[in-house]
Protein chains: 2
Amino acid sequence: MSMAEETAGTEASPWGEVTPDAARRLLLAAVEAFAERGYHATTTRDIAGRAGMSPAALYIHYKTKEELLHRISRIGHEKALDILRTAARAEGSPAERLAEAVSSFVRWHAGGRTTARVVQYELDSLGPEARAEILALRRQVDAEVRGIIEEGVASGEFDVPDVQGTTLAVLSLCIDVARWFNVDGPRTPEEVGALYADLVLRMVGAGEPSGTAQR
Amino acid sequence: MSMAEETAGTEASPWGEVTPDAARRLLLAAVEAFAERGYHATTTRDIAGRAGMSPAALYIHYKTKEELLHRISRIGHEKALDILRTAARAEGSPAERLAEAVSSFVRWHAGGRTTARVVQYELDSLGPEARAEILALRRQVDAEVRGIIEEGVASGEFDVPDVQGTTLAVLSLCIDVARWFNVDGPRTPEEVGALYADLVLRMVGAGEPSGTAQR
DNA sequence: GATCGCGCTAAGCGCTCGCTCACCCATCCC
DNA sequence: GGGATGGGTGAGCGAGCGCTTAGCGCGATC
């Protein structure tokens, strides 16, 4: 059980960059509230209440409720992109890097489901210019995964008729984890990550014949 | 181009059972509005306006705004379940039935993205007892897919270490189509359905060596 | 030790929400 | 033709929304 724990478990880690302390507490409260009820069903009074402050305190640190969502979304997407970049640029074969990319990306979505839910599903609640900024980050996410798959195809290691379609499917699989994963469920983020990495290797035609995943 | 069109293309078909006519128009308007902006961001005035009626008209046919979502969600889940059941109980090998189940399920999510979005992503906006009813339908959806996979494993046609996990992944892949599919994008629902059926067969270890999907 | 500035609160503004109510007007039965 | 019925409207209620403003407490500064 001495696995990497940079992304799994506690979700507080990525928000260390947010200062001052009150602003971070408000952001964390907003993440929880948005994940539970959705952006539009969350009130500024609810966010401030969770952070132990009065409703007006929110507007000292953030101009609007939407700015909170924007900040959460940008930081979350940057973290997701960072996870994929690290895996994509590591040493190893395309299959090894794709497996590591998928398993770490899935671990992030499962372990930090609260954050991932907001990041992946509340995009439409942003205004046009904020959404455009986030969509640019999403295209970079897509490009990282596509890059690994293209390398595997070029080296003959993968057998993929439709690279862009398969890229979409791989990301789809990972992202949807944030929708269904249940912390109280029977699976740990690590187990889901390992299972999904195996399934993705099969999708690109690089799966081991059998027996890598247990259960 | 003489393909089955029962689920693709126009989305108006499944709502034929809703009467009277004004109630159906309101329901259709609600589906559009919920899909575009989400349940909580949609106002009853918006729904009534899209249906060409006054805000008060809504309450002649529906007790609350939530009842609209409940009706949409139940009808949608029943349709989804029906699609999967038809594929699961058709003749053919497990691989053929799984491919048909995935491709028709994906076609429904892509072609009827408006409806599918509401059905798959607005579940949390329902109250406790309505949500419980829908969750029971979801368990039946899961059971249909799991059933096909179990048959393929039993016959030795599939190689699946984790049946429940793979079932989850297959459904995940299909459902997420409703999140990203764009009607104006480069792919038709039929193309995505064929691609995803191929990918799923690879996931269960029953994929053809290569060359089934084009592009 | 008075002054200042910053983080925060109490109160509340203007607005829009889900929903209701009194009433209208075709259609239909007798 | 008179009255009942049922789908529809215009106006508006109470509540809760996002956000603002006036002022308070308190540590840092000189």
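This is a predicted model, so every value here is computed, not measured. Letters go in sequence order (proteins before strands), and every chain restarts at 1.
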Within the 4.5 Å heavy-atom criterion, are B/R139 and B/L135 side-chain neighbours or not?
yes
Measure up the A/F105 and A/H109 rings against each other and bin them: parallel (under 30°), tilted (30 to 60°), perpendicular (over 60°).
perpendicular
Let me confirm one number: the CZ-OG1 distance from B/R113 to B/T115, rounded to the nearest 0.5 Å.
11.5 Å
Closest-nucleotide 5' rank along DNA chain C - winner of A/M53 and A/R45:
A/M53
D/dG7 C1' sits how many Å from B/R24 CZ, rounded?
16 Å
Criterion side-chain contact (heavy atoms from CB on, under 4.5 Å) on B/H77 and B/I75, from CA distance to verdict:
CA-CA 6 Å; B/H77 274 88; B/I75 294 173; over 6 Å; no
For B/D21, is there an ion pair with B/R24 - N to carboxylate O distance below 4.0 angstrom?
yes
Listed in order of residue number, which residues of residues 58-71 of chain A have a non-hydrogen atom at under 4.0 Å from DNA chain D?
A/Y59, A/T64, A/K65
For a 4.0 angstrom threshold against heavy atoms of chain B, report the outermost contacting nucleotides of DNA chain C in 5' to 3' order.
C/dC17 to C/dC21
Under 4.0 angstrom, heavy atoms only, what part of the nucleic acid is A/S54 near: base, sugar-phosphate, or nothing?
base
Using the ring of B/Y39 (Phe, Tyr or Trp, six-membered ring only), decide whether B/K65 places NZ or CZ under 6.0 Å from its centre and within 45 degrees of its axis.
yes
I want to check something: taking the side chain as every heavy atom from C-beta on, are B/W180 and A/I175 in contact at a cut-off of under 4.5 Å?
no
Take A/D46 and A/R37 through the test salt bridge (Lys or Arg N to Asp or Glu O under 4.0 Å) and record every step on the way to the result.
CA-CA 11 Å; A/D46 183 23; A/R37 308 140 102 95; 3.5 Å; yes
